[in-house]
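Please read the structure below before turning to the comments.
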Amino acid sequence: METVLVKAFGFLFMIALGFVLKRVGLFSLDDSGLLSKLVLKITLPMAIISNFRGLGLNRSYLLAIGVGFGVHIVAIAAVLLLTRKKSPAHKAFYIINTSGYNIGLCTLPYMSSFFAADAVALVCMFDVGNAIMCFGITFTIAMMIAKGKEGINGKEIFKTLFSSMPFVTYLVMILLCAGNIQLPEPVYTVAGMIGQANAFLAMLLIGILFEPKINKSELKDMAGVFMLRMALGVAFALLIFYFLPVPLMYRQILAIIVFSPILSVAPIYTERCGYNRSVAAVLNSFMLPFSMVVMTILLILLKVY
């Protein structure tokens with residue numbers, strides 16, 4: 001337990017450090033753009049490549065991809081059922097912020113500090129299904145609800161999906177695994193060296209992005225998304241833990257990562273669907289540290305460290 005608490009405190013300290021450094025003027029929100037590019041285009045893809053060293057594509061990994069799809073589909077269905085009397089923009093806001101997980105920026109670097117490469121690869125596989133839904137299907141559904149079919153641009157969605165460096169890296173590495181092809185060992189070594197910077201840069205970025213500004217008129221919508229997201233997380237975790245036909249450790253990991261924070265681009269998608277971006281931004285800021293605390297508690301309770 002001590003190891004988990006020390007590592008969890010370390011990650012929270014990195015987030016707090018980013019926030020404090022922004023407050024004292026060493027960093028600004030403008031700097032988040034550069035850090036985001038470093039994480040999403042360099043250190044995260046390198047960490048993903050490193051985690052695929054010596055791995056083959058097996059049934060558990062394929063199921064993890066399916067779970068990444070499935071949780072989105074159930075979440076969208078639940079939102080449509082519970083928000084049927086709300087305006088189209090409200091429905092789109094709930095869909096975007098209730099479904100989808102920030103795996104690459106938060107969960108992957110966090111879980112990488114506790115588990116071996118094969119377990120971390122499971123998180124990557126979950127994120128494959130998650131990424132396809134987030135950047136493609138989920139956003140398309142939200143736009144169709146908010147603006148109708150004329151609001152959909154298929155080329156734009158395709159470009160968004162394949163301009164995501166982590167997603168392209170996942171896709172390439174999965175294809176290599178499916179073909180039982182391994183990259184030269186020096187590639188994994190260098191990728192691992194660069195990928196080691198991912199955790200610190202990602203947590204620092206989260207701290208810089210944290211903006212605890214709340215408008216009371218927006219609390220109801222934020223509370224609604226928060227409660228629905230937590231309720232779905234509990235339901236998903238129980239179903240995965242007790243019924244998914246994979247090894248126990250894999251079930252434990254998947255049960256934990258369904259409590260991951262909201263997708264980092266959710267505020268942008270929210271604005272494009274005609275809803276107030278600031279509501280999603282504040283909700284995103286608070287869900288990041290909260291989700292990490294929840295995942296830490298589950299790590300301790302499930303004793304998977």
Side-chain angles (χ1 to χ4, degrees), residues 7 11 36-71 101-136 161-203 240 244-258 260 263-264 295 299 304-305:
K7 287 185 176 181
F11 275 94
S36 181
K37 288 179 181 178
L38 282 173
V39 171
L40 294 176
K41 295 185 181 297
I42 300 176
T43 61
L44 177 56
M46 292 298 105
I48 292 169
I49 291 171
S50 176
N51 286 323
F52 271 82
R53 172 187 275 156
L55 293 179
L57 199 60
N58 58 40
R59 177 171 169 270
S60 295
Y61 291 161
L62 292 174
L63 283 173
I65 295 174
V67 171
F69 278 106
V71 292
Y101 303 96
N102 189 349
I103 302 296
L105 190 60
C106 181
T107 304
L108 184 59
Y110 184 62
M111 300 296 274
S112 296
S113 68
F114 294 102
F115 300 105
D118 64 322
V120 175
L122 187 81
V123 180
C124 294
M125 297 300 175
F126 175 90
D127 197 27
V128 172
N130 174 64
I132 292 172
M133 290 297 295
C134 285
F135 298 121
L161 191 60
F162 282 90
S163 64
S164 169
M165 192 66 73
F167 173 74
V168 172
T169 306
Y170 285 143
L171 193 60
V172 170
M173 295 309 295
I174 287 172
L175 290 173
L176 290 175
C177 283
N180 200 25
I181 300 171
Q182 288 291 316
L183 296 173
E185 190 62 26
V187 174
Y188 291 114
T189 301
V190 174
M193 292 169 61
I194 299 172
Q196 286 179 347
N198 186 62
F200 174 68
L201 290 178
M203 295 304 114
I240 289 168
L244 194 68
V246 296
L248 175 61
M249 185 178 72
Y250 288 180
R251 282 184 277 132
Q252 291 171 325
I253 291 171
L254 290 172
I256 291 171
I257 64 177
V258 293
S260 298
L263 189 69
S264 58
M295 289 191 289
L299 279 169
V304 280
Y305 48 89

What pair of heavy atoms forms the shortest contact from [X] to [Y], and how long is it?
| X | Y | answer |
| --- | --- | --- |
| C124 | Y170 | CB-CE2, 3.3 Å |
| I194 | T43 | O-CG2, 3.9 Å |
| L263 | Y101 | CD1-O, 3.8 Å |
| M46 | G195 | CB-N, 3.9 Å |

Check whether any side-chain heavy atom of [X] sits under 4.5 Å from a side-chain heavy atom of [Y], and report yes or no.
| X | Y | result |
| --- | --- | --- |
| S50 | Q196 | no |
| L108 | I48 | yes |
| F126 | V71 | yes |
| M111 | I256 | yes |

Before giving the answer on side chain to side chain contact (heavy atoms under 4.5 Å, CB included), spell out for F52 and V172 the whole-Å C-alpha distance, their side-chain angles and the decisive distance to 0.1 Å.
CA-CA 11 Å; F52 271 82; V172 170; over 6 Å; no
Could you check N102, T107, D127, N130 and say which one makes a side-chain hydrogen bond (donor to acceptor under 3.5 Å, both in side chains) with S260?
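Option passing the side-chain hydrogen bond (donor to acceptor under 3.5 Å, both in side chains) with S260: T107.
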Once rounded to the nearest 0.5 Å, what's the spacing between atom [atom1] of [X] and atom [atom2] of [Y]?
| X | Y | atom1 | atom2 | value |
| --- | --- | --- | --- | --- |
| M295 | F114 | CE | CZ | 9.5 Å |
| I65 | L122 | CD1 | CG | 9.5 Å |
| L183 | T189 | CG | OG1 | 11.5 Å |
| M173 | Q182 | CE | CD | 7.0 Å |
| L62 | M125 | CG | CE | 7.5 Å |
| I132 | L171 | CD1 | CG | 7.5 Å |

Would the distance check show the side chain of Y61 and the main-chain N or O of D118 forming a donor-acceptor pair, the cut-off being under 3.5 Å?
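Yes: the side chain of Y61 pairs with the backbone of D118.
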Are any side-chain N or O atoms of T169 and backbone N or O atoms of M165, one a donor and one an acceptor, separated by less than 3.5 Å?
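A pair under 3.5 Å: yes.
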Among V120, V123, I240, L248, which residue meets the side chain to side chain contact (heavy atoms under 4.5 Å, CB included) test with I253?
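Answer after filtering V120, V123, I240, L248: V123.
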